[in-house]
Each structure stands twice: as structure tokens, then as C-alpha cells.
Number of protein chains: 2
Amino acid sequence: MTEEQQLDRRDWIAGLEKGLKVIEAFNDAHPRLTPSTAARRTGITRTAARRYLLTLEHLGYVQTDGTHFWLTPRILRLGWSYFDSAKVPRAVQPFLQRISMELGGSAFFAVLDEDEVVFVARNGNGRVQSLGFVLGARIAANLASAGIVLLACRPPEEVGRWLEGRKFVPYTPHSMTNVDDVRAVIQAARGNGYCILEQQLEQGRRGIAVPVRTRAGEVVGAISVSLSIGNETTQQALSRTLPVLREAEHALLALL
Amino acid sequence: MTEEQQLDRRDWIAGLEKGLKVIEAFNDAHPRLTPSTAARRTGITRTAARRYLLTLEHLGYVQTDGTHFWLTPRILRLGWSYFDSAKVPRAVQPFLQRISMELGGSAFFAVLDEDEVVFVARNGNGRVQSLGFVLGARIAANLASAGIVLLACRPPEEVGRWLEGRKFVPYTPHSMTNVDDVRAVIQAARGNGYCILEQQLEQGRRGIAVPVRTRAGEVVGAISVSLSIGNETTQQALSRTLPVLREAEHALLALL
DNA sequence: TTCGATTGCGCGACAATCGCGCAGCGCGCA
DNA sequence: TGCGCGCTGCGCGATTGTCGCGCAATCGAA
């Protein structure tokens with residue numbers, strides 16, 4: 001999104017970038033990779049891809065049967081380093097717990113990463129979490145109330161560029177696919193200081209989110225709550241949930 | 001644990017190992033690193049550590065204020081590659097859901113990574129999850145029923161070596177610290193095909209675990225359930241939970 | 001069998017990575 | 001105040017680690 005200054009050329013470790021690319025080349029559609037397929041997916045040479053896979057295998061991050069390679073849970077140690085070191089997600093945890101208890105839904109803490117919103121903390125009696133909303137999950141920012149409210153905190157011109165020529169893949173029949181609709185929602189969130197989204201990601205559910213700031217005014221993430229719509233009106237849901245979220249927002253302001 | 005053959009010398013990407021080491025150098029006690037501290041913690045040169053941090057920053061995996069560096073949620077994409085590609089954790093998810101509903105606790109799916117047990121799937125109305133039992137969490141294998149039952153599936157001589165000279169750090173006053181106690185529990189699990197552990201990790205809680213195998217007999221992980229002890233006896237808990245776990249075990253056998 | 005695409009591996013060459021060493025800076029203590 | 005320790009970024013020359021070509025063997029489908 002933001003274009004960093006080119007590169008320092010001599011302070012650049014090519015091997016690290018390629019290795020991480022190889023790790024990220026594994027996904028749902030490609031749970032097992034051969035050196036050739038890994039090379040195609042990462043854009044590096046077959047010989048090189050093989051070397052990286054062999055190195056990862058030696059380190060215990062992947063396993064192999066000789067030709068195919070697949071990731072091992074060792075990979076999770078990397079993400080764990082983040083959860084272990086990131087203080088904000090842990091600071092908000094008790095607040096999420098109280099929110100989900102008081103409001104009867106799942107509460108999340110989310111941050112923005114490029115054009116995706118990443119859920120880094122959560123608490124809730126996830127009855128309907130069959131798909132497993134795991135930590136570290138990420139979706140396009142426009143599909144979650146937390147994503148919208150975080151976008152609303154960025155400089156408007158940056159968001160403008162972000163919206164340019166973006167394709168929105170709908171998750172439900174109600175998902176916004178129009179740029180103008182998304183822009184309007186972001187502007188509303190910017191004015192209100194909260195965002196409410198209904199049935200964008202999942203049918204019959206609505207999400208309400210508020211930003212979380214430090215005393216210095218820096219936005220560090222957003223708290224959101226996911227509720228079953230039932231036969232509660234939008235207004236009813238708002239007046240019931242917003243005070244609770246706002247209270248957490250202010251309490252967090254004091255200790256961040 | 002298992003010593004792999006030395007190394008292929010020419011198929012070895014040193015930069016990748018160092019980069020991953022740098023990422024894992026971040027943790028609770030060291031949420032922010034300077035080049036010097038990172039160098040000390042990883043055993044590489046200060047100059048090199050700085051290069052790796054700069055590279056990671058350019059890739060978006062870390063951020064910096066100029067001197068200190070800290071991890072960004074981008075790191076979670078790596079662990080996500082695992083969750084995305086690992087089919088077994090997703091296959092067991094619906095079973096975990098049913099188990100936790102039927103038994104009224106939290107259900108987990110765990111695998112072994114060296115001497116730790118890693119929880120890679122979970123489902124449960126985690127009332128008491130204040131500390132946040134997040135996915136990817138890992139603890140010493142002897143502290144969780146899933147860990148014991150997985151150890152029991154390994155070759156006995158390997159487990160024997162594993163136990164040699166191991167230090168057990170207690171989590172509760174009931175945690176086993178004696179090698180012989182742990183060995184006995186593992187042997188019992190090997191004989192019974194399940195493991196029950198009480199108050200090893202958390203006061204007032206017990207865990208019961210069974211291994212999960214493919215039709216080929218390969219052990220791919222363990223299903224465990226964590227229950228509040230209340231005033232239920234061990235026998236009562238076993239006769240209530242084991243049939244449910246066993247049913248899941250067999251159902252999974254059919255589709256793995 | 002034959003074909004096409006895969007695999008592992010050796011090799012020579014280049015450049016990417018290395019760590020030393022310098023100079024500047026911030027901070028704590030005498 | 002001023003000394004001094006430990007940190008910082010950075011330039012440089014050397015070497016070693018990484019590159020990708022090209023070969024031969026292998027696999028699987030037609």
C-alpha cells in the first residue's frame with residue numbers, strides 16, 4: 001500500500017525473502033508442494049526452490065516423503081512469536097471477555113495489514129464457529145466492521161487510493177460489491193467513530209466495531225463484536241452495544 | 001530429538017535459518033529488539049542481525065522506529081499457511097464441536113513437535129479462557145493428556161531417551177516432577193489407548209485424550225477434552241467421556 | 001515402448017553476504 | 001561538567017554461499 005523507499009541494496013537478504021515466499025506458497029489449494037510447483041508459485045528457480053525446501057525440512061518446518069513437501073506445526077512457532085510479543089492483543093483480552101459476556105456474542109480485536117483485516121484476539125462462546133474463526137484469520141477489510149472502522153482511521157486520500165479499481169468478492173447475497181457503497185460506509189464510520197455492518201460476511205449476523213487508540217491518538221486496532229441479528233433492529237442493536245464498546249474503548253485509552 | 005543426517009552443505013540456505021531465528025527471537029520477555037539484542041539472542045553478528053531486521057521490515061513482517069524493531073501481524077500469514085494447508089485439523093473440527101457440546105468442556109486437537117505438544121484445533125465454550133488458549137499454543141508434552149497419549153504412541157525406546165535427564169517444571173502443586181511418574185503415566189496410556197491427567201496444567205481441571213490414526217495406522221494427532229473436575233470422580237468422568245472420544249476416534253479413522 | 005515432464009545432482013561463476021573497523025551519538029556516573 | 005561505555009549506521013574488501021545451467025535417471029500416461 002505505502003511505497004517504501006526503494007531498497008538499501010546491501011542490507012537486503014534475498015534468501016530470507018525467498019524462504020518466506022516458499023512458506024507462504026503453501027495454502028488450501030496447495031497443501032503439498034514439489035520443488036517444481038513451489039518454484040512456479042514463488043517465481044524462483046526450481047533448483048533454488050528445492051534448496052529452500054530442503055533447508056526448511058532440515059530446520060523442521062516442513063516434512064517430505066522425498067518428492068512432496070508439506071508444512072509442520074513447527075511453523076506455528078513463528079506466529080507464536082507475534083502473540084507472545086504483541087502486548088496490545090493481550091491487554092484487550094479481558095475487555096473482550098467482558099464484552100462478549102455482556103452482549104452475548106463473539107468479541108474480537110483486529111488490526112489492519114495492507115488490505116486485509118487480521119483478527120489477533122478474540123473471546124466468545126462461539127456456538128456457530130463451525131468454520132473455526134481462528135486467531136490470525138484475515139479477510140478483505142471491507143467485509144468486517146473492524147476493517148471498515150480501521151480504514152476510516154486512515155488518511156482519506158490513502159483510502160481513496162485503496163478503493164481505486166478494487167474488486168469486491170461477495171461472501172453473502174448482501175455483500176457490498178460497489179465501490180461507492182464501501183466508500184459511503186467508510187465515510188459514515190469516520191463521522192460516527194463506529195461502524196456497523198450487516199450480513200456482509202455471514203448471513204444473519206451483524207458486526208459493530210470501534211477503534212482503539214493510545215493516549216497519543218495512534219490507532220492500534222479495533223474492537224468488534226459479532227451478533228446474531230435475530231429480530232433486533234439495527235437501532236436496538238446499536239443502542240445496546242455501543243455504550244459497552246465505548247466503555248472498553250475509553251478504559252483502554254487509559255492504559256495504552 | 002531425532003538426529004537427522006548431517007547436512008548437504010550445498011543445499012543449505014544459511015540466510016533462511018538466520019532469518020527465522022531472528023523472528024523467533026521475539027517473545028514475551030523481548031517484544032522489541034534492537035540489532036544488538038537480536039544478535040545476542042540469535043548468535044549471529046550484530047551487522048548481520050541488522051540486515052535481517054531491515055529485510056524483514058521491508059517485507060512488512062516487522063516495524064521499526066529506527067532503533068527498535070517489533071513484529072507485525074503479517075507474521076501470522078506464515079502460521080496461516082499451515083492452517084490453510086493442513087487438512088487434518090480442519091477434518092477434526094466438526095468432531096471437536098460435537099465433543100465439546102456433548103461433554104461440556106473444551107475439545108482440542110493436538111500434535112507433537114519435538115518435546116512440546118501443539119494445539120492446532122479447538123472448539124469449546126471457553127468460559128475460563130481468560131489467558132486465551134490460542135491456536136498454535138504449545139507446552140511441554142508431559143503437562144497435557146494429549147501430549148502423554150502422543151508420547152505413548154512413539155517407539156518406547158525413543159520415549160525412554162526423551163525422558164532421560166528431563167527437567168519438569170510444575171504448573172500446579174499437582175504437576176508431576178518425577179521422571180518415573182511421567183514414565184508410568186505414559187505406559188498406562190500405551191496400554192489403555194487413552195490418557196487422563198488431573199490438575200497438571202491448571203487447578204481444578206482434568207484432561208482426557210485419545211490418539212487419532214489413519215487407516216494405515218499412522219498417528220496424526222490426538223483429540224483431548226478439558227473438563228472442570230467439580231465433584232465428579234475420575235471413574236465417573238472416564239465412563240462419561242471415553243465413549244464419546246472413542247466414537248470420534250473411530251469416525252475419524254474412516255475418513256483419514 | 002515412447003514421449004513429456006519430472007526428479008537429483010555436479011559444476012563453474014558470479015554476486016550476495018559476511019564481519020571488521022570507523023565515527024557519531026546518547027546516557028549514566030563520577 | 002566531562003569522561004567513558006555501549007550503542008548506532010555505514011563503508012569496504014574478501015570469501016563463501018548461492019545461483020542456474022545442463023546432464024542423466026526416473027516416473028506415469030498414452
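Chain letters run A, B, ... following the sequence lines, proteins first and then strands; every chain starts at 1.
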Practice problem: Please report, rounded to the nearest Å, how far the P atom of C:dC18 is from the CH2 atom of B:Trp12. | Solution: 14 Å
Quiz item: Relative to the 5' end of DNA chain C, which residue comes earlier, B:Thr45 or A:Thr67, by the nucleotide with the nearest heavy atom?
Solution: A:Thr67
Self-check item: Side chain of A:Pro35 (C-beta onward), nearest among D:dG9, C:dT6, C:dG8
Solution: C:dG8
Quiz item: Parallel, tilted or perpendicular for A:Trp12 and B:His58, by the 30°/60° rule?
Solution: perpendicular
Quiz item: Less than 4.0 Å between a side-chain N and a carboxylate O, is that true for A:Glu249 and A:Arg246?
Solution: yes
Quiz item: Less than 4.5 Å apart, any side-chain heavy atom of A:Leu163 and any of A:Val182?
Solution: yes
Quiz prompt | Below 4.0 Å: OP1/OP2 of C:dC18 and any side-chain N or O of B:Tyr52 | solution = yes
Practice problem: Please report, rounded to the nearest Å, how far the P atom of D:dG17 is from the CG atom of B:Asp11. | Solution: 13 Å
Self-check item: d(CZ, B:Arg50; C1', C:dC18) in whole Å
Solution: 14 Å
Quiz item: Contact class for A:Thr47 vs. all strands (heavy atom < 4.0 Å): base, sugar-phosphate, or nothing?
Solution: base
Quiz prompt | Value in whole Å for how far the C1' atom of D:dG6 lies from CZ of B:Arg40 | solution = 9 Å
Exercise. Side-chain contact test, heavy atoms from C-beta onward, threshold under 4.5 Å: evaluate it for B:Leu78 versus A:Leu20 and give yes or no.
Key: yes
Practice problem: Please state how far atom CD1 in A:Ile13 lies from atom P in D:dG17, giving the value in whole angstrom units. | Solution: 14 Å
Self-check item: Stepwise side-chain contact (heavy atoms from CB on, under 4.5 Å) check, A:Ile75 with B:Ser81
Solution: CA-CA 9 Å; A:Ile75 288 288; B:Ser81 281; 5.7 Å; no
Quiz prompt | Comparing A:Arg46 and A:Gly15 on DNA chain D - which has the more 5′ nearest nucleotide | solution = A:Gly15
Practice problem: In whole angstrom, give the distance that lies between atom CD of A:Glu17 and atom P of C:dT17. | Solution: 10 Å
Quiz item: The side chain of B:Lys18 lies closest to which of these nucleotides: C:dT17, C:dC18, C:dG19?
Solution: C:dC18
Quiz item: Does a sphere of radius 6.0 Å around CZ in B:Phe168 hold more than 12 heavy atoms from other residues, nucleotides or ligands, not counting ones at 6.0 Å or beyond?
Solution: yes
Exercise. Among A:Glu114, A:Glu24, A:Glu116, find the residue that satisfies the salt bridge (charged side-chain N to carboxylate O under 4.0 Å, His left out) test when tested with B:Arg74.
Key: A:Glu114
Under-3.5 Å N/O pairs linking protein and nucleotides 23-25 of chain C:
none

Exercise. To the nearest Å, give me how far apart CZ (B:Arg51) and C1' (C:dC20) are.
Key: 11 Å
Quiz item: Just how far, in rounded Å, is C1' of C:dG26 from NE2 of B:His68?
Solution: 13 Å
